[in-house]
Amino acid sequence: MPYDPAHSESRWQQAWDAAGSFRARRDERPKYYVLEMFPYPSGRIHMGHVRNYTMGDVVARYKRAQGFSVLHPMGWDAFGMPAENAAMEQGGHPRDWTYGNIATMRDQLRPLGLSIDWSREFATCDDDYVAQQQALFLDFLEAGLITRKSAQVNWDPVDMTVLANEQVIDGKGWRSNAPVERRELTQWFFRISDYSEELLAALDGLTGWPDKVRLMQANWIGKSRGLQFRFGTVDAPAGFDRVEVYTTRPDTLRGASFVALSPDHPLARTLAATDPRIAAFAEECRRGGTTEEAIETGEKLGLDTGLTVRHPLDPDWQLPVWIANFVLMEYGTGAIFGSPAHDERDHEFATKYGLPIPATFGERGMDIAAADALVAAGAYVPLKSETVTYVRGFAGAADQTGEAAVDAAIVVAERDGWGEAVTKYRLRDWGISRQRYWGCPIPVVHCGACGTVPESKQNLPVLLPLDVSFDVPGNPLDRHPSWAATSCPRCGGPARRETDTMDTFVDSSWYYARFTSPHAATPTDRADADYWMNVDQYIGGIEHAILHLLYSRFFARAMVQTGHLPETAKEPFDALFTQGMVTHEIYMTRDAQGRPVYHLPEDVTDGKLADGTAVDIIPSAKMSKSKKNVVDPVDIVTRFGADTARWFMLSDSPPERDVEWTAAGAEAAAKFLGRVWRLADETPQDGADDPDLTRAAHRAIADVTRAIDGFAFNKAVAAIYTLAAAVAKSPSGGEPRRAVLRIMAQLMAPMVPHLAEEVWAKSGGQGMVVDAAWPQADPAMLVDDSVTLPIQINGKRRAEITVPRDMAAAQIEAQVLADDTVQRFLNGAAPKKLIVVPGRIVNVVA
RNA sequence: GCCCGAGUGGCGGAAUGGUAGACGCAGCGGAUUCAAAAUCCGCCGCCGCAAGGCAUGUCGGUUCGAAUCCGACCUCGGGUACCA
């Protein structure tokens, strides 16, 4: 009888449901909280979801077998732009679109047989979640964690609307195609920058996180020590007798060639008010989007204001003041001094505008002329740890490292009273205001008499109005006839609701805490949160390495501060694993105009379309609808069963790396699972014991256990292949063989739980394998009596010897020297050196 | 631009600084079959008759020994604060 996954999988899913196997319970077992980043309900599940949730399921089922009380929940990151885009494009309401997608995706996810406690499911757009998130907002506001200030947004001057970065294509609005401008709006901010030092320092304790993520976060927070000082101005407008500057390279101060202001600097704005030339330039600087990428890669523009400032080390030395588009008001003081000899960007700027490029230092031993010649060709930017020779230094020795020179410069500035050491962080406050409909309303009202007033908690939730339209650009909340009209919670007078909604990153910054008590009347239930937090293992894409994870770390701290989480939960994720993407080949042809046309995998056979046209095959690209290289998991599950999809997603590629979906791979997975089923189905009733097979089973227990612990599911899969081959070859039968098959079922259960139940049942397992305790390897079964050592001669493998496992090094040496091949290579001479690494290798240095 | 990764047979990959290519796919050969599918067994980095040589993106370095550590570069990918 061949294996029939369709029948088997639904049967076991019903059995698990009936037994309540995955209901998370607070009991006497130690707890384990495993969480995968929850999905955005885009419409259908994709292979990336299958991969992500299968990995989490392996961990959840494995920990359950090891005796943990496991919490493994699922929910929906349900607010966001795509729902509004769908409403604009196809009509309908974002709410209906979202909940419809959730229903579809839940129906697609459940057949995967994930060990999820579905009773905890919620969507972030649920009224209840909105209510609790607004309660958190009010608590944070009261605790001083929220502020309001001005920030720049992308402005589409034709559609008269704010654009997300994603909606700016090559500097133009995606619908209007009009050049985008930067515009200032007053926005709500979480004061994450107050936590810069704390968030940076605590990274050291996150030993369960990948080093690369910790490094990325540390660089993002961007702590720097530098000097803040001021240039005295000459004939500047009233109130601007000084320009405040921050620099991380005060040692290059005598190499200064200009001062540059951000176009948004107060002095630049004051000058622009009276000088049309400066006003026009500032306008030009505001062209383009707000992304760091756009600003950093865009053309560097500058304008000489005609003003000058005095150099702090020499009052007679005057520097020109420029306005430059690459100086950001958000970082430092919004003004810099240009040191073109030792900064690529400043060098480019000085070269473009004919400004001097005086060297501050040169390579060790250079004189001033040599150093100037060196930097004339290009900026000289050695590592700060490298020793250089200062030709225009003012503090410390002539020969010193950049680090030492920076320190010395700060000491001199502080001693002489013209500057002070300042520590700055790159991390900016988290702007959460969005001029959009489909998000959590910010629970605040604007009162003519009282100003900005928090909504009172008994009026929560502030829900979105449902009678909105998306036929014109802009925020429907702004133009709704009545929604914003309300009364002031403080004075009772007429007031207007805040029409901005919250960034969807807010929703995803605390959902892990909500899962611990998803129906509580407060954001968390402290008894539940105290029990279940922290997330023991968090799993998701590397694309979230910075923003989502940093915001969540901040949010957990804010929730601790406002009493919603225990102190121990301020780092909410004990361990993090970042998995790779699922990719697929892209099939492309070009139309008459040479534009690319993409084709679905099912329309391509042997590199040709049905009409015989050859397609270009672009290997290994991220699955995306527009490239038509999406493989629908539903088709795979229908055709092969969930276990095949799960097995393939875990096979071959290491979890942290991208995996390419191939039809051949899926078929191979199905084939193997069929073979395992036959092994169980065709076990002879009688037969002998086979000690070699028992050893192979214990070897497999050890290998699979180590592989799962190390998140190397591909290696766990390989170990199971090896065990299956051993079973197939073994002459054993009867109970000894069934015992090994039961071990195999247990080892496979986290990965292919349905097939594992079948094999377990066929091999005489008691109850369900989902309830069986994880097998233990017998250490005595794992050691071999003898070991084969390769013999290298001068690092090249030339021979090998097999010796008892515990043979003494001296005896091994004697055997090696007696070896024919070694004798031949030594040619009678004594070896210069003989290295014996016990149990590993021998190297003869001739 | 800046920050962070990754690069190993025809393909996915394995390998505490210690036998490069575990395990699998594809391919080739065989068994079974009237035949095929399915299944099972064997071979399988490149060059060479062989001895041997060459091989982990490129170029250097450290080491008895480097895929692994260090430096420079190339290519691809992620992030770049309003995509999620």
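In what follows, chains are A, B, ... by sequence order, proteins preceding strands, each numbered from 1. Source: prediction; values computed, not measured.
When each of A:Thr501, A:Thr499, A:Leu477 is checked for a side-chain contact (heavy atoms from CB on, under 4.5 Å) with A:Tyr437, only A:Leu477 meets the rule. Among A:Phe79, A:Tyr511, A:Trp510, the single residue meeting the ring-ring contact (aromatic ring centres under 6.0 Å, His included) criterion with A:Tyr129 is A:Trp510.
At a threshold of 4.0 angstrom between heavy atoms, the contacts of A:Phe672 with the nucleic acid are absent. A:Ile835 comes within 4.0 angstrom of a base, heavy atoms only. Contact annotation for A:Trp220: base contact, defined as any heavy-atom pair under 4.0 Å involving a base atom. Nucleic acid contact class of A:Ser508 (heavy atoms, under 4.0 Å, all strands): none. A:Ala668 comes within 4.0 angstrom of sugar-phosphate atoms only, judged by non-hydrogen atoms across all strands, and of no base. If you check every strand for non-hydrogen atoms under 4.0 Å, A:His548 touches nothing. Using a 4.0 Å heavy-atom criterion, one finds that A:Gly431 contacts the sugar-phosphate atoms exclusively. Residue contacts for A:Lys832: at a heavy-atom cut-off of 4.0 Å it reaches no nucleic acid atom on any strand shown. Within the nucleic acid shown, A:Val153 comes within 4.0 Å of at least one base atom, counting heavy atoms only. Within 4.0 Å of A:Pro39, counting heavy atoms only, lies no atom of the nucleic acid at all. No contact: A:Gly665 has no heavy atom under 4.0 Å from any strand. Using a 4.0 Å heavy-atom cutoff across all strands shown, A:Arg657 reaches sugar-phosphate atoms only and no base atom. Counting non-hydrogen atoms under 4.0 angstrom, A:Val845 reaches the backbone sugars and phosphates but no base. A:Arg426 comes within contact range of at least one nucleobase, with a heavy-atom separation under 4.0 Å.
Salt-bridge check for A:Glu299 with A:Arg345: failed, with every basic side-chain N at 4.0 Å or more from each acidic carboxylate O. Electrostatic pairing of A:Asp503 and A:Arg434 counts as a salt bridge here, judged by a charged N lying under 4.0 Å from a carboxylate O.
When the nucleotides B:C4, B:G1, B:G18 are ranked by their closest atom to the side chain of A:Glu296, B:G1 comes out on top. Taking the side chain of A:Asn714 as heavy atoms from C-beta on, and the options B:A14, B:G79, B:G5, the nearest nucleotide is B:A14. The side chain of A:Arg678 sits closest to B:U39 out of B:U39, B:G18, B:G42. Among the nucleotides B:G24, B:C82, B:G1, the one closest to the side chain of A:Ala164 is B:C82. Distances were taken from every side-chain heavy atom of A:Arg675 (C-beta onward) to each of B:C4, B:C40, B:G24; the shortest belongs to B:C40. Comparing B:U19, B:A84, B:G24 against the side chain of A:Pro790 picks out B:U19 as the nearest. Of all nucleotides listed (B:G18, B:A81, B:C23), B:G18 comes nearest to the side chain of A:Arg840. The A:Ser653 side chain lies nearest to B:G12 when the options are B:U19, B:G12, B:A84. For A:Arg797, taking side-chain heavy atoms from C-beta onward, the closest of the listed nucleotides B:C83, B:U19, B:C82 is B:U19. Here the nucleotide nearest the side chain of A:Leu215, chosen from B:G1, B:G5, B:C82, is B:G5.
One C1' atom belongs to B:G27, the other to B:C11, and the distance between them is 11 Å to the nearest Å. Taking atom P in both B:C41 and B:A26, the straight-line distance is 15 Å, to the nearest Å. Taking atom C1' on both B:C54 and B:C3, the two are 38 Å apart, rounded to the nearest angstrom. Between B:U33 and B:C40, the distance separating the two C1' atoms is 13 Å to the nearest Å. Using atom C1' as the reference point in both B:G78 and B:U16, the two lie 29 Å apart (nearest Å). Across the C1' atoms, B:A15 and B:A67 are found 9 Å apart, a figure rounded to whole Å. Comparing B:G5 with B:A66, their P atoms are spaced 25 Å from each other, to the whole Å. Rounded to the nearest Å, the gap between the P atom of B:G57 and that of B:U75 is 16 Å.
Side-chain nitrogen and oxygen atoms of A:Arg183 include none within less than 4.0 Å of the OP1 or OP2 phosphate oxygen of B:C82. For B:G52, neither phosphate oxygen OP1 nor OP2 lies less than 4.0 angstrom from any side-chain nitrogen or oxygen of A:Lys796. When the side-chain nitrogen and oxygen atoms of A:Lys833 are compared with OP1 and OP2 of B:C64, one or more of them lie within a distance under 4.0 Å. Phosphate contact (OP1/OP2 of B:A84, side-chain N/O of A:Thr504, threshold under 4.0 Å): present. Checking the phosphate oxygens (OP1, OP2) of B:G24, no side-chain nitrogen or oxygen of A:Ser651 falls inside 4.0 Å.
Nucleotide B:A35 forms no Watson-Crick or G-U wobble pair with any nucleotide shown, as no partner meets the under 3.5 Å limit on both distances. When both pairing distances are held under 3.5 Å, B:C54 makes a Watson-Crick or G-U pair with B:G45. Searching all strands for a Watson-Crick or G-U wobble partner of B:C76 with both distances below 3.5 Å returns B:G5. Base pairing of B:G18: its partner is B:C64, meeting the Watson-Crick or G-U wobble criterion (both donor-acceptor distances under 3.5 Å).
A straight line from CZ of A:Phe713 to P of B:A22 spans 23 Å, rounded to a whole angstrom. Per the geometry, CG belonging to A:Asp652 stands 13 Å off P belonging to B:A15, to the nearest Å. The CD1-P distance, from A:Ile542 to B:U80, rounds to 12 Å in whole Å. Rounded to whole Å, the distance from CD on A:Glu84 to P on B:A84 is 10 Å. Between A:Leu549 atom CG and B:A81 atom P the separation is 17 Å, expressed in whole Å. The distance from atom CZ of A:Arg798 to atom C1' of B:G65 is 13 Å, rounded to the nearest whole Å. Going from atom NZ of A:Lys671 over to atom P of B:C25 covers 6 Å, rounded to whole Å.
With hydrogens and angles ignored, a donor-acceptor pair under 3.5 angstrom links the side chain of A:Asn843 to the base of B:C64. Residue side chain A:Gln187 reaches the base of B:C82 through a donor-acceptor N/O pair under 3.5 Å, judged by distance alone. Residue A:Gln435 places a side-chain atom within donor-acceptor reach of the base of B:C82, judged by atom type and a 3.5 Å distance cut-off alone.
Two rings, from A:Tyr721 and A:Phe672, have their centers less than 6.0 Å apart. Residues A:Tyr551 and A:Trp430 place their aromatic rings such that the two centres sit under 6.0 Å apart.
Anti is the glycosidic conformation of B:G30, whose angle departs from 0 by more than 90°.
The CD1 atom of A:Ile336 lies 8.0 Å from the CZ atom of A:Phe349; values are rounded to the nearest 0.5 Å.
For A:Arg426 and A:Trp220, the positive end sits near the middle of the six-membered ring, less than 6.0 Å away and at most 45° from its axis. A:Arg214 forms no cation-pi arrangement with A:Trp209, by the criterion of a distance under 6.0 Å to the ring centre and an angle within 45° of the ring axis. Seen from the ring of A:Tyr331, A:Lys424 does not count as a face-on cation partner, given the 6.0 Å and 45° thresholds.
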